[in-house]
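Accompanying notes for the structure given below.
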There are 2 protein chains.
Amino acid sequence: MKTQPQGASASAEGAVLGTRERVVRAASRLFQRRGYEGTGIKLIAQEAEATLGSVYHFFPGGKEELAVAAIQHADREFAEMLNAGLARSDDPAVAVEECARALASALRESDWADGCPVTATALETLGRTPSIQQACLEALRNWQDVLAAKFLASGFDGQEARELACTVLSALEGAEVTSQVFRSEEPLLTTGRRMAQLIDSRT
Amino acid sequence: MKTQPQGASASAEGAVLGTRERVVRAASRLFQRRGYEGTGIKLIAQEAEATLGSVYHFFPGGKEELAVAAIQHADREFAEMLNAGLARSDDPAVAVEECARALASALRESDWADGCPVTATALETLGRTPSIQQACLEALRNWQDVLAAKFLASGFDGQEARELACTVLSALEGAEVTSQVFRSEEPLLTTGRRMAQLIDSRT
DNA sequence: TACTTGGTAGAGCGATCGTTCTAAAGACTG
DNA sequence: CAGTCTTTAGAACGATCGCTCTACCAAGTA
């Protein structure tokens with residue numbers, strides 16, 4: 001295994017990823033699929049094709065620091081997905097339904113494994129690992145902001161936009177869990193349709 | 001520690017609980033708060049004031065069998081809470097908002113620790129422990145049925161009632177996670193209000 | 001009394017956990 | 001070339017994991 005200079009743009013398309021980036025991505029996906037406690041550092045290293053030494057070199061804070069980085073990575077990734085979905089229509093109701101559809105497809109394609117990338121970790125560490133809880137909080141707030149911006153741009157006032165964003169995000173998160181447990185796209189699709197109905201029923 | 005005959009009605013008010021019941025309740029609460037992987041059998045025994053021997057006497061299938069029993073217990077408990085909340089009003093919209101309020105209060109009173117009793121365990125064991133996943137599925141379906149019955153009794157047709165139940169349950173679950181992460185009742189209360197709005201906007 | 005049954009008690013097993021540590025191999029600078 | 005810094009490599013540590021096992025105690029029955 002040769003030393004990999006992590007030079008060049010880390011986000012360049014198709015670029016060979018540096019060790020640190022590979023570790024973060026592996027950690028992010030494993031935490032998403034098996035939770036924080038259920039994922040061992042050695043498994044992360046193995047999955048990332050790195051060694052334990054490398055992991056602790058880049059994350060001297062250990063598992064906790066790695067989890068924070070993994071959640072921040074998931075934050076950016078999911079925000080991009082949200083933005084892409086929302087951009088598919090000017091009508092916010094249609095756009096939200098489009099997002100639900102995209103989530104449902106991705107979920108099915110991963111055999112119901114890749115749900116919300118922070119929920120599992122958040123629930124396990126709540127009230128016991130402040131740094132991780134903080135990272136989860138920032139991710140949720142970021143996604144709410146993305147939704148709220150869409151609603152604002154569609155003519156909703158600030159209060160209304162924030163409340164709708166909070167509701168829609170919570171509903172999508174819950175529906176994702178439900179879809180995973182039922183191994184069916186239906187909860188996500190139904191929730192998407194009803195959220196569209198809610199958005200259209202503005203007072 | 002004396003032998004405790006688990007005779008008499010196990011659900012009798014104020015009755016001294018048998019060992020098995022104590023273990024199930026402790027397991028249920030611990031899985032709810034720290035997830036499946038994050039909860040050790042020894043901790044469960046300690047919390048239940050039982051010994052390892054007793055735990056494996058009642059649950060020879062080990063942690064997995066205990067988890068199934070714990071989830072079934074949580075299922076019944078949460079269904080009761082839902083029923084109680086829904087019974088507080090004939091108007092289904094008001095009733096749902098009442099449920100959200102009750103959940104928010106309970107969450108705050110537990111210092112944001114006691115969220116949905118199955119989500120954490122469900123996410124950690126998805127696709128890897130079928131018996132637990134099945135128990136989670138039955139709980140979610142049970143809760144959806146409770147909601148759907150309320151909507152049916154309020155004049156919605158079957159399809160509409162089922163879809164609303166699915167949406168409302170998902171939204172409440174997601175909002176509960178959001179409230180826990182933000183340490184605020186607001187997401188649950190907002191989602192409750194918006195769900196009421198959705199229910200009132202019947203076509 | 002002797003025997004059976006249902007439950008309690010906890011030492012100890014092998015495996016795995018997160019983490020630490022030493023050693024050495026690239027890559028870059030002078 | 002020598003010297004420095006970054007990164008890789010993985011053995012090993014103490015702690016904890018889920019679980020097994022034997023011994024024992026308290027009733028009920030004959």
Side-chain angles (χ1 to χ4, degrees), chain A residues 1-8 10 16-27 30-31 33-70 120-121 124-125 128-129 131-132, chain B residues 1-8 10 15-27 30-31 33-71 120-121 124-125 128-129 131-132:
Chain A
M1 218 158 283
K2 53 185 175 299
T3 297
Q4 181 66 53
Q6 87 239 40
V16 178
L17 296 174
T19 303
R20 196 197 133 98
E21 187 69 13
R22 289 203 316 277
V23 170
V24 168
R25 295 189 182 205
L30 284 168
F31 287 148
R33 296 190 175 196
R34 330 171 31 132
Y36 181 72
E37 302 285 357
T39 303
I41 300 265
K42 285 170 185 170
L43 178 60
I44 294 173
Q46 182 184 320
E47 208 79 5
E49 297 187 278
T51 67
L52 219 46
S54 296
V55 173
Y56 278 94
H57 169 74
F58 289 109
F59 302 96
K63 196 179 185 181
E64 186 176 333
E65 184 184 346
L66 175 52
V68 170
T121 301
E124 282 175 305
T125 61
R128 248 165 320 125
T129 320
S131 64
I132 296 179
Chain B
M1 220 154 281
K2 54 186 176 295
T3 296
Q4 180 65 55
Q6 85 240 41
V16 178
L17 295 173
T19 303
R20 196 196 132 98
E21 187 69 13
R22 289 202 317 277
V23 170
V24 168
R25 294 191 182 204
L30 285 167
F31 287 149
R33 296 189 175 196
R34 332 172 29 133
Y36 181 72
E37 302 285 357
T39 303
I41 300 267
K42 284 170 185 169
L43 179 60
I44 294 174
Q46 182 184 320
E47 208 78 5
E49 298 187 276
T51 65
L52 218 46
S54 297
V55 173
Y56 279 95
H57 171 74
F58 289 110
F59 302 96
K63 196 179 185 182
E64 185 175 334
E65 184 184 347
L66 175 51
V68 170
I71 286 167
T121 301
E124 282 175 306
T125 60
R128 246 163 322 124
T129 319
S131 64
I132 296 178

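So you know, we letter chains A, B, ... as the sequences are listed, proteins then strands, and number each from 1.
Annotation: the span from E49(A) atom CD to E47(A) atom CD amounts to 9.0 Å, rounded to 0.5 Å. Taking CG of L30(B) as the start and CG of L43(B) as the end, the distance is 5.0 Å to the nearest 0.5 Å. To the nearest 0.5 Å, atoms CD (Q46(B)) and OG1 (T51(B)) are separated by 12.5 Å.
Looking only at atom types and distance, the side chain of S131(A) has a donor-acceptor partner in the side chain of E64(A) under 3.5 Å away.
Side chains of R20(A) and F59(A) form a contact here, defined as non-hydrogen atoms less than 4.5 Å apart. Considering only heavy atoms from C-beta on, F58(B) stays 4.5 Å or farther from L66(B) through its side chain.
Residue V55(B) is the one, among K42(A) and V55(B), whose nearest nucleotide of DNA chain C lies closer to the 5' end (criterion: closest heavy atom).
Across the protein-nucleic acid pair, H57(B) atom NE2 and dC21(D) atom P stand 17 Å apart, rounded to whole Å. Regarding E49(B), its CD atom lies at a distance of 11 Å from the P atom of dA9(C), rounded to whole Å. When rounded to the nearest whole Å, the span between CD of Q46(B) and P of dT8(C) equals 17 Å. To the nearest angstrom, C1' of dA9(C) lies 14 Å from CZ of F58(B). Rounded to a whole Å, the CD atom of E37(B) is 14 Å from the P atom of dT16(C). Remark: P of dG10(C) and CG of L43(B) are 17 Å apart, rounded to the nearest angstrom.
Under 4.0 angstrom from either OP1 or OP2 of dG7(C) there lies no side-chain N or O belonging to T19(B). Look at S54(A) and you'll find a side-chain N or O under 4.0 angstrom from OP1 or OP2 of dT8(D).
Shown for residues 59-69 of chain A: residues whose heavy atoms fall under 4.0 angstrom of DNA chain C, namely G62(A), K63(A).
In this structure, G40(A) reaches the sugar-phosphate backbone alone: every heavy-atom distance under 4.0 Å involves primed, P, OP1 or OP2 atoms, never a base. Among the protein residues, L52(A) comes within range of the nucleic acid bases, having at least one heavy atom under 4.0 Å from a base atom.
When atom types are taken as modelled, the side chain of R22(A) and the backbone of A48(A) share a donor-acceptor pair closer than 3.5 angstrom.
Closest to the I41(A) side chain, of the nucleotides dG18(C), dG7(C), dT20(D), is dG18(C).
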